[in-house]
> 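Next up is a structure, given as structure tokens.
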Amino acid sequence: MIDRLSSEEIAAAVRSASHELFSTMLQLPLEADAPYDETAEPESLDGVVALVGIAGSWTGTGRIACTPQFACRLAGALLMQPYEAVDEEVLDAVAEVSNMIIGNVKTIFEEKLGPLALSVPTVIFGRNYRTHSSGVPKWTVIPFQTGEDSWNISFCVIPTKMHPHPQAARPEVVHVA
Amino acid sequence: MSLDVLIVDDSAAIRKILHRVLIQAEIPLGKVHEAGDGLDALEKLKTETVGLILSDINMPNMDGIEFLGKLKENAALKSVPIVMVTTEGSQAKVMQALELGAVGYVRKPFTAEQIKEKLTGII
């Protein structure tokens with residue numbers, strides 16, 4: 001059993017799952033930029049963040065972060081109708097996009113890591129908030145460009161036995177200023 | 001003869017997309033019912049009769065595998081064909097669904113053509 005996944009392996013899985021979704025159900029352009037590792041969590045976030053947890057022999061979280069405008073464009077592409085502002089349908093569409101991308105990353109990981117379980121997505125929309133994942137040493141951030149829109153997917157995954165709280169995928173604690 | 005369908009998914013977006021794909025597939029569609037999870041679906045099936053069920057696997061309250069098991073235990077419902085439409089791509093879950101009696105499986109993300117193709121072989 002392997003005891004670590006490299007940032008390159010994580011980024012490759014995220015890029016593969018994202019390209020599949022964007023070329024089939026969304027039909028939007030997608031360009032991936034070079035991934036990087038982030039050890040400190042963002043000071044402050046604005047916009048839309050979707051979180052999906054992974055649990056099993058490995059524990060982790062996938063996080064999609066984008067602007068409200070891009071969230072509306074994602075929902076518009078998925079549901080084939082325009083959205084001017086973030087509403088419940090937009091948040092549901094972003095949740096499903098995150099579920100499909102992170103879910104397929106999980107399927108890719110399962111080839112190496114064995115069976116994993118997926119949580120239902122959580123979506124947050126607001127301004128000046130922080131997210132925190134307990135016991136996560138680093139996030140691998142994969143930046144994407146869709147037309148003029150910049151957005152990213154971050155992923156952290158570690159063996160559950162190395163997690164300080166191995167009983168479950170860690171809940172995200174959200175501080176709203 | 002028109003076909004009444006039940007779509008079971010916790011995502012309203014996916015329910016909407018599948019409804020649209022069913023219309024595009026030009027099958028003789030009757031009523032399309034929606035449920036947000038397996039429990040909700042079993043409640044709907046107490047009062048509605050359908051000829052096809054499309055169900056997700058990962059859902060809150062009652063997941064698609066448990067829903068499928070309950071369906072197949074019910075004499076009145078066990079013959080209704082059920083197709084799993086899900087992000088869950090693990091071989092074990094797919095095999096479990098097929099062994100429990102699902103007639104097909106479509107992995108998300110999907111194209112309208114993939115859904116049409118799958119349904120053509122079933123309806």
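These numbers come from a predicted model, not from an experiment. Convention: sequence-line order gives letters A, B, ...; per-chain numbering from 1.
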> State yes or no: do B:I57 and B:I115 share one hydrophobic cluster built from I, L, V, M, F, W and Y residues joined by side-chain heavy-atom distances below 4.5 Å, directly or via other members?
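The answer is no; the residues belong to distinct hydrophobic clusters.
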
> A:A95: which residues meet the side chain to side chain contact (heavy atoms under 4.5 Å, CB included) condition with it, sequence neighbours left out?
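With sequence neighbours excluded, A:A95 shows a side chain to side chain contact (heavy atoms under 4.5 Å, CB included) to A:P121, A:V123, given in chain and number order.
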
> Following the transitive rule for hydrophobic clusters with a side-chain heavy-atom cut-off under 4.5 Å over Ile, Leu, Val, Met, Phe, Trp and Tyr, establish whether B:V106 and B:V80 coincide in one cluster.
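They do not share one cluster, since no chain of ILVMFWY contacts under 4.5 Å joins B:V106 to B:V80.
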
> Do B:I82 and B:L52 share a hydrophobic cluster (ILVMFWY, side-chain heavy atoms under 4.5 Å, transitive)?
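Cluster IDs for B:I82 and B:L52 differ.
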
> For a quick check, list the donor-acceptor atom pairs closer than 3.5 Å between chain B and chain A, or say none.
residue: B:S11; atom: OG; partner: A:D92; partner atom: OD2; Å: 3.1
residue: B:A12; atom: N; partner: A:D92; partner atom: OD2; Å: 3.0
residue: B:A13; atom: N; partner: A:D92; partner atom: OD2; Å: 2.6
residue: B:K16; atom: NZ; partner: A:Q81; partner atom: OE1; Å: 2.9
residue: B:K16; atom: NZ; partner: A:E89; partner atom: OE1; Å: 3.4
residue: B:R20; atom: NH1; partner: A:L79; partner atom: O; Å: 3.2
residue: B:T87; atom: OG1; partner: A:N99; partner atom: ND2; Å: 3.4
residue: B:E88; atom: OE1; partner: A:K106; partner atom: NZ; Å: 3.0
residue: B:E88; atom: OE2; partner: A:K106; partner atom: NZ; Å: 2.8
residue: B:R107; atom: NH1; partner: A:N104; partner atom: OD1; Å: 2.3
residue: B:R107; atom: NH2; partner: A:E20; partner atom: OE1; Å: 3.3
residue: B:R107; atom: NH2; partner: A:E20; partner atom: OE2; Å: 2.8
residue: B:K108; atom: O; partner: A:N104; partner atom: ND2; Å: 3.0
residue: B:K108; atom: NZ; partner: A:E96; partner atom: OE2; Å: 3.3

> Going hydrophobic residue to hydrophobic residue with side-chain gaps under 4.5 angstrom, can you get from A:F155 over to A:V94?
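Hydrophobic grouping puts A:F155 with A:V94.
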
> Looking at every heavy atom in both B:A13 and A:L78, which two are closest together, and how far apart are they?
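Taking every non-hydrogen atom into account, CB-CD2, 4.1 Å.
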
> Heavy-atom cut-off 4.5 Å, strictly under: side chain, backbone, both or neither for B:A12 against chain A?
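Both backbone and side chain.
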
> When heavy-atom pairs shorter than 4.5 Å are enumerated against chain A, which of B:P109, B:A112, B:P60 gives the highest number?
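Most heavy-atom pairs within the cutoff with chain A belong to B:P109.
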
> I'd like to know if A:L21 and A:V48 are part of one continuous hydrophobic network [Ile/Leu/Val/Met/Phe/Trp/Tyr, side-chain heavy atoms within less than 4.5 Å].
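They do share one cluster, since a chain of ILVMFWY contacts under 4.5 Å joins A:V48 to A:L21.
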
